[in-house]
Number of protein chains: 2
Amino acid sequence: MPNMTLRDIANALDLSVSTVSKALRDSYEIGYETKKRVMNYARANHYLPNRMAKSLKEGKSGSIGVVVCSIDNSFVSRMLDGIDGACTAAGYDIIIMQSKESLAQEKSCLKQLEARGVEGILISPAAETINLDHIVGLRAIGMPTVLFDRISERFDSYQVGVDNREGAFLATQHLIANGYMRIAMLNIGPDIHFASLRGKGYQDALRANHIPYREEYVRLCNPSSRDTLKDCVSTNIRSLLELPTPPEALFTTTDQLSTHSLSVMHQLGYQIPQDIALIGFSNTELADILTPPLSTVYQPAFEIGRKAAEKLIALIVGKEEPEEYETVMLPVQLDIRESSRTRIEPKR
Amino acid sequence: MPNMTLRDIANALDLSVSTVSKALRDSYEIGYETKKRVMNYARANHYLPNRMAKSLKEGKSGSIGVVVCSIDNSFVSRMLDGIDGACTAAGYDIIIMQSKESLAQEKSCLKQLEARGVEGILISPAAETINLDHIVGLRAIGMPTVLFDRISERFDSYQVGVDNREGAFLATQHLIANGYMRIAMLNIGPDIHFASLRGKGYQDALRANHIPYREEYVRLCNPSSRDTLKDCVSTNIRSLLELPTPPEALFTTTDQLSTHSLSVMHQLGYQIPQDIALIGFSNTELADILTPPLSTVYQPAFEIGRKAAEKLIALIVGKEEPEEYETVMLPVQLDIRESSRTRIEPKR
DNA sequence: CTGTTAGCGCATTCAC
DNA sequence: GTGAATGCGCTAACAG
């Protein structure tokens, strides 16, 4: 037995469809008695308004689209949790799509969401996405859009994320404060915007402390494929540690880099932080259970998602002036744990 | 400039709406020239069919609903990835909702999905959900439904998951084979079906090896709140290790139990597996980077999601006989790592 | 080959 | 107070 419609109720109660419609929406035009009858009948028969029809009629789908690189990523899923919270509270449901870091897929996701009639889009661009024209284009067709997490100052619109440069600066600064001078960085890239900001923060901190920047202490891995990423980390860690003057500390700029690095160092028998200190970026769940517990730059993932969704909803509802674009930078926070403990001069 | 409609194209090209509609769908009734004109015009003007209208017309939304306990869980998100893969491939998009382990919210999710007009539902029931009547009820209204991950033999329908009893049996058996006799289990529950199956597997393995079952070696923690879970693990681990005859090995039946246990043991200064061996359930990503690498019963999360989605889609498309319900049990696999290494008699 | 008509379920004028 | 009529954008049956 498929769902009942307004007409079914109307027929059963010997009323017209429009009367029933109004009664259910508690319109002032309908008499108390009639309302009562309709409401009761509807409840008793589990009437559910057909949202497709309602959507079509009102030109609103009641849903918003979310594009992320991958669902299967703890940082992303925490942001999604935040998004879901805000959207559910506001009565929107979310359609999540994955770009898998591919620009082509990202475009395809956007197209689908548009066709689906979402009322707004939240997007964290793919790593491959250098040019944001297709996202800017969304505005042209009147689609409210908020960028989150992977934000860009080249995108003049609503954005929610953290200050990546600042986070990296703090991390590096912390290592320096703890007595480390020779600090290496393992980053992803090139051409990934937030990653280069983190790189910049690292350099700025060195400069601020009059520590020379050493080319050979900075390594990049491309995140395109997991296997190669792991290999790349392994190669670079080995190479760093075998340098004539190896670094005393390492700043790894993403979760995967951090965990793989730790794993390689364990394999090679290095002690952390005695042999080399370590600080990562964004990891929270894992940080505590690693050995040693990993110091990290904490990013408020849930909050990023929530704030971005709230912003988007405000845009949709139209309470916001479309003119004043703004970038919301949530504060990062240093979670200091054992992996970056104050340096002790190695015994000879 | 909002989206253009079939009528816009029709007017522009001086054709009727239905001709345009047919042309775009490459109907045999339309002449080559006309098709060409329409197609070109549509592409040039970025025509996107309105899916809400299409859905209403066809009575199909092209979307399926997914209910999970929480997005923010690596195991769940890997299953979602599998679901997304199958659905995207089949042209469905997914609407994900979270029950947060609450029965009331689970029911609310189901209602919303129904109202939304999803064509089918994939659900992994909340921990609170003992009685599955509301899920069985979905069938009554003709909603194709597939249970995944948290399956139940009390539910006579389509289900995809793993054999939890078997997995626990294998894990325990493995510990025994490696020389451990006094084996404790830290489980969640009571009243969580898959958890009690894991408990059963543990007991079965002991019995099969003529090892007496010891009440004091079996501990339960309730997963309702994270904080209390962590505390509960801590309390139980301490208490286990302080027993007159402490266990030589521990089987932790969920990811959170495993990681918290590891963390507590580290804090207390226990060596793994020298002081106590450890084997967990379902973790994959983490297992390798923990210290020591954690042996686990591997569950093919992605596959579970994929298979469940494929099943559901087959049901929706109607290729399946609705009579022959079946439970698909995917094989678990033991991933042996260092935490459960062969026992070495401790030196005195 | 192309156009006309009808209707999916709902909300909203506008009459009565 | 209530109901008839209209249309959201699309597809499909049926005419031409």
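Just so we're on the same page: letters track the sequence lines, and every chain starts at 1.
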Has A/Glu119 got a side-chain atom pairing as donor or acceptor with A/Ser61's backbone, closer than 3.5 angstrom? yes
Here's a test for you: under side-chain contact (heavy atoms from CB on, under 4.5 Å), which of B/Leu113, B/Leu110, B/Ile121 qualifies with B/Met143? B/Ile121
Any donor and acceptor pair, going by atom type alone, linking the side chain of A/Ser16 with main-chain N or O of A/Thr19 inside 3.5 Å? yes
For the pair A/Arg150 and A/Glu101, find out whether any cationic side-chain nitrogen is under 4.0 Å from an anionic carboxylate oxygen. yes
Taking atom types as they are modelled, would you say the side chain of A/Ser18 forms a donor-acceptor pair with the base of D/dA4 within the 3.5 Å cutoff? yes
Does the pair A/Glu33/A/Arg37 count as a salt bridge with the N-to-O cut at 4.0 Å? no
Look at all strands and tell whether A/Thr34 reaches a base, only sugar-phosphate, or nothing, counting heavy atoms closer than 4.0 Å. sugar-phosphate
At the 4.0 Å heavy-atom cut-off to chain B, mark where contacts on DNA chain C begin and end, going 5' to 3'. C/dC1 to C/dG9
Pick base, sugar-phosphate or nothing for A/Gly59, based on heavy-atom distances below 4.0 Å to the nucleic acid. nothing
Is the phosphate of D/dT2 approached by A/Ser16 (side-chain N or O, under 4.0 Å from OP1 or OP2)? no
Double-helix bend of the helix from C/dC1-D/dG16 to C/dC16-D/dG1, axes at both ends from 5 pairs, round to 10°, gives 50°
Once you apply a heavy-atom cut-off of 4.0 Å, does A/Thr5 come out as touching a base, just sugar-phosphate, or nothing? sugar-phosphate
Keeping A/Asn11 on the side-chain end and A/Asp8 on the backbone end, is there a donor-acceptor pair under 3.5 Å? no
Rounded to the nearest Å, what distance is computed from the CG atom of residue B/Leu24 to the P atom of nucleotide D/dA12? 13 Å
Is any side-chain nitrogen or oxygen of B/Arg7 closer than 4.0 Å to OP1 or OP2 of D/dC8? yes
Going by heavy atoms closer than 4.0 Å, what residues in residues 45-53 of chain A are next to DNA chain C? A/Tyr47, A/Pro49, A/Asn50, A/Ala53
What residue among B/Thr145, B/Ile94, B/Val146 forms side-chain contact (heavy atoms from CB on, under 4.5 Å) with B/Leu122? B/Val146
Rounded to whole Å, please give me the gap between CZ in B/Arg25 and P in D/dA13. 12 Å
Of the candidates D/dG7, D/dG9, D/dC14, the side chain of B/Glu29 sits closest to D/dC14
Do B/Lys100 and A/Asp84 meet the salt-bridge criterion of a basic N to acidic O distance under 4.0 Å? no
Euclidean distance, atom NZ of residue A/Lys22 to atom P of D/dA4 [Å, nearest integer]: 11 Å
Examine distances only and state if a side-chain atom of B/Ser21 and a backbone atom of B/Val17 form a donor-acceptor pair shorter than 3.5 Å. no
Nearest atoms (heavy-atom pairs only) where B/Ala301 meets B/Phe75: CB-CE1, 3.5 Å
Side chains of A/Ser99 and A/Glu106: is there a donor and an acceptor less than 3.5 Å apart? no
Which part of the nucleic acid does A/Lys54 contact within heavy-atom distance under 4.0 Å: base, sugar-phosphate only, or nothing? sugar-phosphate
Under 3.5 Å: donor-acceptor pair, side chain of A/Ser55, backbone of A/Arg51: yes
Rounded distance (Å) that lies between atom P of D/dT2 and atom CG of A/Asn11: 17 Å
At 4.0 Å (heavy atoms only), tell me whether A/Leu56 reaches a base, stays on the sugar-phosphate, or touches nothing. base
